[in-house]
Enquirer: 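My structure is below; once you've seen it, I'll send some questions.
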Amino acid sequence: MDELAQAARLALRLITEFDSALVDIIARSLLVTASATVLAAALGLPLGALLALARFPGRQMLLVTVHALMALPPVVLGLLVYLVLSRAGPLGFLGLLYTPTAMIIAQTLLILPILAALASQQIEELAREYGELLRSLGAGPWHAAATLLWEGRFALATALLTGFGRAAGEVGAVMIVGGNIDRATRVMTTAIALETGRGQLALALALGLVLIALGVGVTVATFGLRALARRLSAA
Amino acid sequence: MVRGLLLAAALAALPAAAQERFITLSSTTSTEQSGLFGELLPKFRAASGIAVRVVAVGTGQALRLGERGDADVVLVHDEASELAFVAAGFGIERKPAMYNDFVLVGPTPVGSPRDAVASFRDLAGRPFVSRGDDSGTHKAELRLWQAAGIDPKSGTGRWYRETGSGMGATLNMAAALDAYTLADRASWASFGNRRGLTIASAGDPKLFNPYGVMLVNPVRHPHVKAAEGRAFIAWLTGAEGRAAIAAFRVGGQQIFFPLPAAPAPRS
């Protein structure tokens with residue numbers, strides 16, 4: 001437990017000293033994970049709405065697939081993205097391997113199933129409640145989907161947070177496709193893995209505490225926005 | 001949607017593209033984790049204007065990255081697989097770069113601390129943690145078992161454990177289990193979680209650990225930055241690089257020693 005206290009002190013010092021290497025890593029972590037969350041939301045929420053509202057052949061299979069993919073180990077996903085982006089792979093000519101872009105792609109694919117599954121569940125519940133009403137108002141399927149996504153926005157914010165959290169805390173995939181390159185692709189989790197490997201356990205733990213603090217910050221901000229939005233829509 | 005995806009990808013790639021010339025170097029965890037690159041690469045950059053991006057993995061994986069064209073230059077430490085890499089046409093212009101030695105670390109010194117083979121013979125039955133990851137250190141360890149006439153796999157599940165992970169994770173395990181392990185001098189010197197571990201055997205010439213540097217074959221992979229890669233190899237094996245390698249210290253101790261540049265053995 002001595003190590004924990006030491007790590008806490010170190011974490012505090014790193015933050016208060018505004019350590020430039022740490023700031024660089026934090027900024028990159030946030031950029032990569034926020035981009036991935038936005039992209040995954042842009043793709044996953046409509047996919048979730050489609051799964052919840054549309055009836056088409058293969059829907060059940062797609063639904064099962066999306067849910068099963070939630071359990072995909074990040075390392076496997078990282079390996080697949082690596083094989084595609086590697087110079088010897090089909091998209092190797094793009095030269096994206098070992099760039100933040102590669103990390104964004106991996107994290108987007110990682111959390112896409114989570115967002116789609118949570119969104120479909122949410123929208124299905126809302127559709128049971130409001131479907132009749134929407135139909136009686138003569139809303140088409142696109143209109144209905146958009147309305148329900150909007151009505152479910154508070155619950156969907158939690159889904160986004162879940163995705164953000166999973167992406168931010170993930171190490172296996174970004175290690176493989178990013179390469180943990182100093183000042184280029186090093187993020188919080190890969191830096192923690194590196195320091196653990198160096199036996200610098202206090203520093204690794206301190207970085208972990210900073211990562212937890214970031215998670216708390218993002219959650220609080222989302223909850224704050226949600227409360228604000230509720231108050232505004234109630235007014 | 002697709003356009004948005006590409007736009008976001010392009011935006012995220014911007015900071016990388018806006019930077020100056022760089023090469024990708026696939027190398028081992030020992031060189032990265034000891035801090036050697038933190039010392040060398042800024043000097044090379046100041047001299048050449050070329051940044052070096054290091055992907056630090058085990059020797060086996062570092063060579064495979066070169067094979068696939070995902071690196072421009074490879075710096076690793078397993079002579080046999082380096083020569084095979086060059087012979088297969090994946091790498092060219094291989095040069096010896098530097099050396100240090102392996103150390104056997106564990107809870108107590110073994111019977112004959114300066115004789116590596118005798119030390120390994122002593123180890124049979126004692127808890128041992130192996131890299132088990134096809135790295136240069138793992139291959140050196142397997143050679144020593146063979147020289148000692150011991151099949152460590154026979155101890156799997158009892159005293160021999162393969163971690164399948166990097167030097168750091170393996171050292172952490174050895175420290176936690178009071179076990180022996182073979183480590184490269186650089187990783188050991190910069191390792192901060194030794195607990196009860198100490199050097200059990202070192203100094204035998206059989207523990208020699210040479211590092212070689214080579215260019216990924218630009219004929220096989222036309223995108224390889226051959227000019228920049230050659231500039232790095234020439235600098236590293238030249239007077240400035242040798243001086244920088246020799247000047248690097250961990251805790252006051254010299255960790256890497258420059259190798260005299262000899263013509264490539266086979267190319």
Enquirer: Where does Leu201(A) contact chain B at under 4.5 Å (heavy atoms): side chain, backbone, both or neither?
Expert: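 Only the side chain of Leu201(A) comes within 4.5 Å of chain B.
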Enquirer: Can you tell me how far OG1 of Thr99(A) sits from CZ of Arg53(B), rounded to the nearest 0.5 angstrom?
Expert: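 Going from the CZ atom of Arg53(B) to the OG1 atom of Thr99(A) covers 8.5 Å.
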Enquirer: More than 12 heavy atoms of other residues, nucleotides or ligands under 6.0 Å from CZ of Arg13(A): is that the case?
Expert: no
Enquirer: Quick check: closest heavy atoms across Arg68(B) and Gly89(A), and the distance to 0.1 Å?
Expert: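 In terms of heavy atoms, the two residues are closest at NH2-N, 4.3 Å.
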Enquirer: Checking Arg220(B) against chain A: side chain, backbone, both or neither under 4.5 Å from a heavy atom?
Expert: neither
Enquirer: At under 4.5 Å between heavy atoms, what parts of residues 183-193 of chain B are in contact with chain A? List them by residue number.
Expert: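 Under the 4.5 Å heavy-atom cut-off, Ser190(B), Phe191(B), Gly192(B), Asn193(B) qualify.
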Enquirer: What residues of residues 164-175 of chain B make heavy-atom contacts with chain A at a cutoff under 4.5 angstrom?
Expert: Gly168(B), Ala169(B), Asn172(B)
Enquirer: Using heavy-atom distances under 4.5 Å, tell me whether Arg186(A) contacts chain B through its side chain, its backbone, both, or neither.
Expert: side chain
Enquirer: To the nearest 0.5 Å, tell me how far His223(B) NE2 sits from Arg87(A) CZ.
Expert: 4.0 Å
Enquirer: Under 4.5 Å, heavy atom to heavy atom: which of residues 77-84 of chain A reach chain B? Give them by number, or say none.
Expert: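 Tyr82(A), Leu83(A), listed by number.
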Enquirer: Mind checking what makes side chain to side chain donor-acceptor pair (under 3.5 Å) contact with Tyr98(A), not counting sequence neighbours?
Expert: none
Enquirer: Within a 6.0 Å radius of atom CZ on Arg194(B), are there more than 12 heavy atoms belonging to other residues, nucleotides or ligands?
Expert: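 Enclosed.
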Enquirer: Please flag which part of Leu194(A) lies under 4.5 Å from any non-hydrogen atom of chain B: side chain, backbone, both or neither.
Expert: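 For Leu194(A), the contact with chain B is made by backbone and side chain together.
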Enquirer: Which bit of Glu67(B) comes within less than 4.5 Å of chain A, counting heavy atoms only: side chain, backbone, both or neither?
Expert: neither
